[in-house]
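Proteins get letters first, then strands, A, B, ... in listed order; numbering begins at 1 in each.
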There are 2 protein chains.
Amino acid sequence: MAQSDTVDRILDAAEELFAERGFAETSLRMITSKANVNLAAVNYHFGSKKALIHAVFARFLTPFSSTLEAAFDELEQKCQGKPPTLNQTLWVLTESAIRMPQRNEKGISIFMRLLGLAYTQSQGHLRKFLEQEYGQPFSRFMRLLKEATPELSNVDRYWRIQFMLGATAFTMSSSDALIDILDNKLGVQATVQEIAARLVPFLAEGMKAPDKLQVPPTLSGATVA
Amino acid sequence: MAQSDTVDRILDAAEELFAERGFAETSLRMITSKANVNLAAVNYHFGSKKALIHAVFARFLTPFSSTLEAAFDELEQKCQGKPPTLNQTLWVLTESAIRMPQRNEKGISIFMRLLGLAYTQSQGHLRKFLEQEYGQPFSRFMRLLKEATPELSNVDRYWRIQFMLGATAFTMSSSDALIDILDNKLGVQATVQEIAARLVPFLAEGMKAPDKLQVPPTLSGATVA
DNA sequence: TTAGCTCTCAAACGTATGTTTCAAACAGAC
DNA sequence: GTCTGTTTGAAACATACGTTTGAGAGCTAA
């Protein structure tokens, strides 16, 4: 035993519970009892609940960040000065996420769900922490997106990036539930990888959509097919 | 005073605080002190915090539900048996949301944010409540989507609807923050209505995207593990 | 063995939460 | 005015939370 296997057990339990229930709704007592660890161990090893949340994110975001930077490097090198296309950029991100080494079979969906929670439940301190620690690869992704869509105005691009983030975070954060529902309804089995393969073309087409509507084409207005 | 204007003050305060901070993070004491009402009033008038959450949703979802049903009626009647197009269907939904009578200038974004929270923070009891009370217009919207996209397989359509929901819920639930960020970054003012006008074409194009990718178009084709 | 350090444990701390209590204030009907 | 049912008010309730404490176990090195 000795040397904190306790730390990992806490991180494992916290990760899973946070992904299931969110941060505020998960108590340290739930975490420590799931981890079979004493309550005080969290504050001893991490200092506070906030610091534990940060540690949970750091454990999977730090390797992901490296993987992603390397993948971007490879992509830009391959493209020899020409900016990568939108599809390429989206795929490099998606692939880096999917190919991350997982601790278990639920790893990828926990990963996605936590990312989604980081956006929606943002605890203030979490947002600050993530910006500070992982702002760089994020900015780089944004730069690539900008170069891949020179035809868009800054405002158009801004909103469409939000739409992409939303579709991705939302779908991936509920991927487990959505896969189950699909199985029940249509008897079709799906994987997270397949969701990603469907998501990328959806996003890419949305990004390339014609301008925003000027006149609501509701009832009397002429509509496009 | 008399006859519960207390009830409305509680609902107003709760609505705003829930939208700002989420459900678990908003205490009854915050609500009652913002509403200038005694703490016990919540349990007296609503019975419990859960019931208060339901009441907040019911207050704006019930009229919205009626408006939406009427708008769908009008749309289908106008189309004389032919199924409405995707753009029409999306716009009717969007318009019904935008045109809802608002209690104040923040009404529309509170409305959107609460809808977003209902998806992401789903408290179990909330999801059950919403399905039971407002499942019908939702099913109808789904039917219209299906008829508007007969070229899609059921599986394709299923996933793309999730993508649409995600982009919408995510963006709208953070609309205030996103509008602020845009103003800071690019000095551009935006409204919720404008976001909607940008969202609809994005979604419609995404829905019509070509099939899911068979081979990741990354670098050299097949990529390493 | 002893000393020192890391880690675990049960218990308690202070604070905040949702809920309940019960007396007082109030309204409208008689 | 008096009575009756409804609504408010201040206070307390029980429970849950994150955090802290201090004693002690377990290990390593002298």
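Atom NZ of B:K34 sits in a crowded spot, with more than 12 heavy atoms from other residues, nucleotides or ligands closer than 6.0 Å.
If you take OH of A:Y44 and P of C:dC7, they are 4 Å apart, rounded to a whole angstrom. At whole-Å resolution of the value, CG in B:D5 and C1' in D:dT6 are 15 Å apart. Taking atom CZ on B:F46 and atom C1' on C:dT20, their separation rounds to 18 Å, with Å as the unit.
For A:L39, counting side-chain heavy atoms from C-beta on, the closest listed nucleotide (C:dC9, C:dT17, C:dA12) is C:dA12. Proximity note for B:N38 (side chain, C-beta onward) versus D:dG9, C:dT19, D:dG18: the nearest is D:dG9.
The heavy-atom pair separating B:F46 from B:I10 by the smallest distance is CE1-CG2, 3.7 Å. Nearest heavy-atom pair across B:L117 and B:F18 is CD1-O, 3.2 Å.
You'll find the side chain of B:N43 reaches within 4.5 Å of the side chain of B:L28, heavy atoms only.
For B:S27 and C:dT17, the shortest distance from a side-chain N or O to OP1 or OP2 is below 4.0 Å. Between B:T6 and D:dT8, a side-chain N or O to OP1/OP2 separation shorter than 4.0 Å is present. The phosphate of D:dT8 has OP1 or OP2 within less than 4.0 Å of a side-chain N or O from B:H45.
Among the atoms of the strands shown, base atoms are found under 4.0 Å from some heavy atom of A:A40.
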Donor-acceptor contacts, no H, no angles, side chain residues 51-64 of chain A, under 3.5 Å, sequence neighbours left out:
{"unit_1": "A:H54", "atom_1": "NE2", "unit_2": "A:H125", "atom_2": "ND1", "d": "2.9"}
{"unit_1": "A:R59", "atom_1": "NH1", "unit_2": "A:D12", "atom_2": "OD1", "d": "3.1"}
{"unit_1": "A:R59", "atom_1": "NH2", "unit_2": "A:D12", "atom_2": "OD1", "d": "2.9"}
{"unit_1": "A:T62", "atom_1": "OG1", "unit_2": "A:A58", "atom_2": "O", "d": "3.0"}
{"unit_1": "A:T62", "atom_1": "OG1", "unit_2": "A:Y134", "atom_2": "OH", "d": "2.7"}

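Ring-centre distance between A:F170 and B:F170: not below the 6.0 Å cut-off.
Across residues 29-37 of chain A, A:R29 each have a non-hydrogen atom less than 4.0 Å from an atom of DNA chain D (numbered order).
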